[in-house]
Amino acid sequence: VRMLTEAERRGDEFAALNSVSASLSGERDLKWVLSMIVNSVKQLMNTPSSFIYLYNDTLEILELSITSGVGFPAGLTLKMGEGMAGRVAETRKPLLVKNYRKWANRLNKLDEINYSSVLEVPMLFGGMLIGVLGVAEVNNEIRVFTEQDERLLSLFAAQGASAVYNARLFDAIQSSNKELDHLYRASDALIGAVASNIPDLCQRIAHVV
């Protein structure tokens, strides 16, 4: 009976992963992608809190981008190596803390929320750090996340990293297309002004700028 129950649970997990993968495939809206990931993780792992930090490679910080369920303080950012997410990002390895309140390196800014067991894993795409995906138990010292939970969350993280990368790439392409369109219109306006007098050309340049 135990083996049958375990097999059924594994089947449900893979079915959920396939469903999420199909939903994320081809999706280009970053907010929707993030929401899909945390809500799916929260439901499948039956946890009160799931969240994603995205890595800002320009500032070299982690920015809390979305939470589902019990949330973190708004606008939370972490340096590399700071807190659980910072350590996961720095080492690029999963981190499981059985009792967060007793963890020596916990963040004081999170003391207002009674976290117990917390699990966080890196979101990697082609070896590149995209962010950190995590789940947390609140006011529940009975449940402690396991290695099996870690493997499952890591699968979600891999799918999520790919979807986030593609969504960001699409946004970058869209932004570049808009810039090229502006440049095209500007050059067209200036070309039309070449035969005009110098004051008119200067006015057009000022307007374009």
Side-chain angles (χ1 to χ4, degrees), residues 10 12-72 74-97 107 117-137 145-176:
R10 286 291 183 88
D12 291 340
E13 290 175 355
F14 280 113
L17 283 168
N18 287 333
S19 177
V20 171
S21 179
S23 298
L24 293 177
S25 178
E27 181 58 48
R28 296 295 179 261
D29 184 271
L30 181 58
K31 290 183 179 180
W32 189 94
V33 167
L34 295 175
S35 178
M36 178 66 179
I37 296 169
V38 293
N39 287 328
S40 297
V41 166
K42 179 175 176 290
Q43 180 178 1
L44 180 60
M45 299 188 68
N46 190 29
T47 180
S49 178
S50 60
F51 48 89
I52 290 177
Y53 289 88
L54 290 183
Y55 178 57
N56 184 323
D57 58 355
T58 301
L59 300 177
E60 296 186 346
I61 61 173
L62 292 165
E63 301 170 326
L64 183 64
S65 298
I66 189 170
T67 63
S68 180
V70 178
F72 290 75
L76 181 61
T77 60
L78 300 176
K79 300 176 183 178
M80 296 294 282
E82 182 182 12
M84 282 189 66
R87 292 192 172 210
V88 170
E90 189 173 59
T91 63
R92 302 193 178 190
K93 295 180 179 179
L95 179 58
L96 168 61
V97 173
L107 296 173
S117 184
V118 182
L119 171 64
E120 300 184 15
V121 300
M123 298 174 67
L124 302 172
F125 180 79
M128 177 171 42
L129 179 65
I130 301 298
V132 174
L133 173 63
V135 290
E137 281 294 323
F145 292 111
T146 64
E147 291 184 0
Q148 187 169 342
D149 292 324
E150 179 185 307
R151 288 193 293 269
L152 179 60
L153 192 62
S154 295
L155 290 174
F156 269 103
Q159 290 185 342
S162 176
V164 170
Y165 176 85
N166 289 331
R168 282 177 161 178
L169 181 61
F170 181 75
D171 285 344
I173 292 174
Q174 290 289 85
S175 178
S176 295

Listed pairs under 3.5 Å, donor-acceptor, residues 81-89 side chains, sequence neighbours left out:
from : atom 1 : to   : atom 2 : distance (Å)
E82  : OE1    : K79  : N      : 2.9
R87  : NH2    : N105 : OD1    : 3.1

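- To the nearest 0.5 Å, the span separating CG on L129 from CG on N56 amounts to 11.0 Å.
- The shortest heavy-atom contact between R168 and Y55 is NH2-O, 3.6 Å.
- One finds the OG atom of S65 at 6.0 Å from the CG atom of L34 (value rounded to the nearest 0.5 Å).
- To the nearest 0.5 Å, atoms CD1 (I61) and CG (L54) are separated by 11.0 Å.
- Taking all atoms of both residues into account, the shortest heavy-atom contact from P94 to P122 is N-CD, 3.7 Å.
- Rounded to the nearest 0.5 angstrom, Q159 CD and M123 CE are separated by 10.5 Å.
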Side-chain donor-acceptor pairs under 3.5 Å in residues 41-52, sequence neighbours left out?
from : atom 1 : to   : atom 2 : distance (Å)
T47  : OG1    : A136 : O      : 2.7
S49  : OG     : V70  : O      : 2.8
S50  : OG     : V38  : O      : 2.7

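- From T67, atom OG1 reaches atom OH of Y53 across 10.0 Å, with rounding to the nearest 0.5 Å.
- Summarising the geometry, atom CG belonging to L119 is positioned 8.5 Å from atom CG belonging to L133; distances are rounded to the nearest 0.5 Å.
- Partners of T91 according to the side-chain hydrogen bond (donor to acceptor under 3.5 Å, both in side chains) rule, which considers only residues two or more places apart in sequence or in another chain, do not exist here.
- In this structure, S35 contributes its side chain and K31 its backbone to no donor-acceptor pair below 3.5 Å.
- Side-chain contact between L78 and L107 is present, with at least one heavy-atom pair separated by less than 4.5 Å.
- When each of L153, V118, L96 is checked for a side-chain contact (heavy atoms from CB on, under 4.5 Å) with F145, only L96 meets the rule.
- Between G160 and I37, the closest heavy-atom pair is CA-CD1, 3.3 Å.
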